[in-house]
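Just follow the structure's listing: the first ligand is 1, and inside any ligand the first atom is 1. Quick caveat, the model's predicted, so the values are computed rather than measured.
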Amino acid sequence: MKKRIEEVLNQQINEELYSAYLYQAIRAYFESIGLSGFSNWMKVQAEEELFHAEKFFSHIVQRGGRIRLTAIKEPAFEWKNPLDAFKASLEHEKHITSCIHNLVSVAEEEKDYPSKTFLNWFVDEQVEEEDNVSKIVQELEMIENDGKGLLMIDRELSSRTFTPPTNEE
Ligand code: FEO
């Protein structure tokens, strides 16, 4: 594996681990305001991010690269309300999408076709990630912080569970 590819894939492990850290921070915020369903959704989201980091880890190792873990930055601590927290999540997912697209460009430039194929899963995954978060942002915008509406969404989000995809490469 070329050094440049090794470097950018390692950076993405940091991005995915930071994502898990950010969602745990948002989860803690939801716990602090008594919304356990929202908290559960963020917990599952953080678990998915660890799964993403693991996929990058395995790919680098499989291709004979070396893992280098770097410091994970501190996430925010406070959000104005649930809508604010979900808007921050959406912004973050958009950032991750651009990271993934950038990785695809680097893989193309370096003619690393196995990495390009590997990244396809993430290109699709990001479409789903942004869509999932957008839908919740829309619901929260609709209810405008109304207490009853929040509790209804909270109940809905409490049922999310983490299931790792089965047909992995
Ligand atoms: Fe790993 Fe939420 O993207």
Side-chain angles (χ1 to χ4, degrees), residues 1 5-31 35 37-63 65 67-77 79 82-108 112 114-141 153 156-169:
M1 157 177 279
I5 295 280
E6 186 187 75
E7 224 173 85
V8 292
L9 293 178
N10 264 296
Q11 273 165 19
Q12 192 60 30
I13 292 182
N14 186 287
E15 291 281 356
E16 300 294 343
L17 292 178
Y18 172 74
S19 304
Y21 217 33
L22 171 66
Y23 295 135
Q24 287 286 21
I26 300 178
R27 173 190 175 198
Y29 158 72
F30 282 130
E31 284 292 343
L35 291 173
F38 279 87
S39 164
N40 172 65
W41 195 94
M42 284 294 165
K43 176 175 177 273
V44 174
Q45 188 73 357
E47 283 168 341
E48 282 200 354
E49 300 304 348
L50 294 180
F51 176 77
H52 295 168
E54 176 59 33
K55 274 180 82 76
F56 278 100
F57 193 116
S58 304
H59 178 71
I60 295 170
V61 169
Q62 213 174 25
R63 302 280 317 286
I67 301 293
R68 180 181 288 268
L69 297 176
T70 51
I72 301 169
K73 69 177 179 211
E74 185 179 333
F77 174 69
W79 287 268
L83 175 60
D84 184 37
F86 264 89
K87 276 185 171 169
S89 308
L90 183 57
E91 279 319 298
H92 181 66
E93 285 305 330
K94 287 181 179 170
H95 162 71
I96 295 295
T97 300
S98 75
C99 291
I100 298 293
H101 292 176
N102 187 50
L103 291 176
V104 173
S105 303
V106 176
E108 275 169 358
D112 186 330
S115 290
K116 195 172 170 256
T117 305
F118 163 75
L119 289 165
N120 280 341
W121 185 88
F122 284 93
V123 172
D124 294 343
E125 174 73 0
Q126 281 312 118
V127 174
E128 209 178 291
E129 290 267 271
E130 282 191 32
D131 186 45
N132 289 342
V133 182
S134 284
K135 281 181 181 148
I136 300 171
V137 167
Q138 274 172 3
E139 287 184 15
L140 287 169
E141 276 171 345
I153 300 176
E156 187 192 314
L157 299 187
S158 68
S159 62
R160 187 185 189 194
T161 53
F162 176 63
T163 10
T166 46
N167 54 343
E168 290 303 305
E169 50 184 30

Closest H52 atom to atom 1 (Fe) of ligand 1 [N, O or S only]: ND1
Partner of H52 under ring pair (Phe, Tyr, Trp, His ring centres under 6.0 Å), chosen from F57, F122, Y18, Y23: F122
Heteroatom of E16 nearest to atom 1 (Fe) of ligand 1 (N, O or S, atom name): OE1
E130 side-chain N/O to L90 backbone N/O, donor-acceptor pair under 3.5 Å: no
Residue E49, metal atom 1 (Fe) of ligand 1, N/O/S under 2.8 Å: yes
Any donor-acceptor N/O pair, D112 side chain to A107 backbone, under 3.5 Å: no
F38/Y29 under ring-ring contact (aromatic ring centres under 6.0 Å, His included): CA gap, chis, key distance, verdict: CA-CA 10 Å; F38 279 87; Y29 158 72; 9.4 Å; no
Angle at atom 2 (Fe) of ligand 1 (to 10°), with one arm to OE1 of E129 and the other to OE2 of E93: 100°
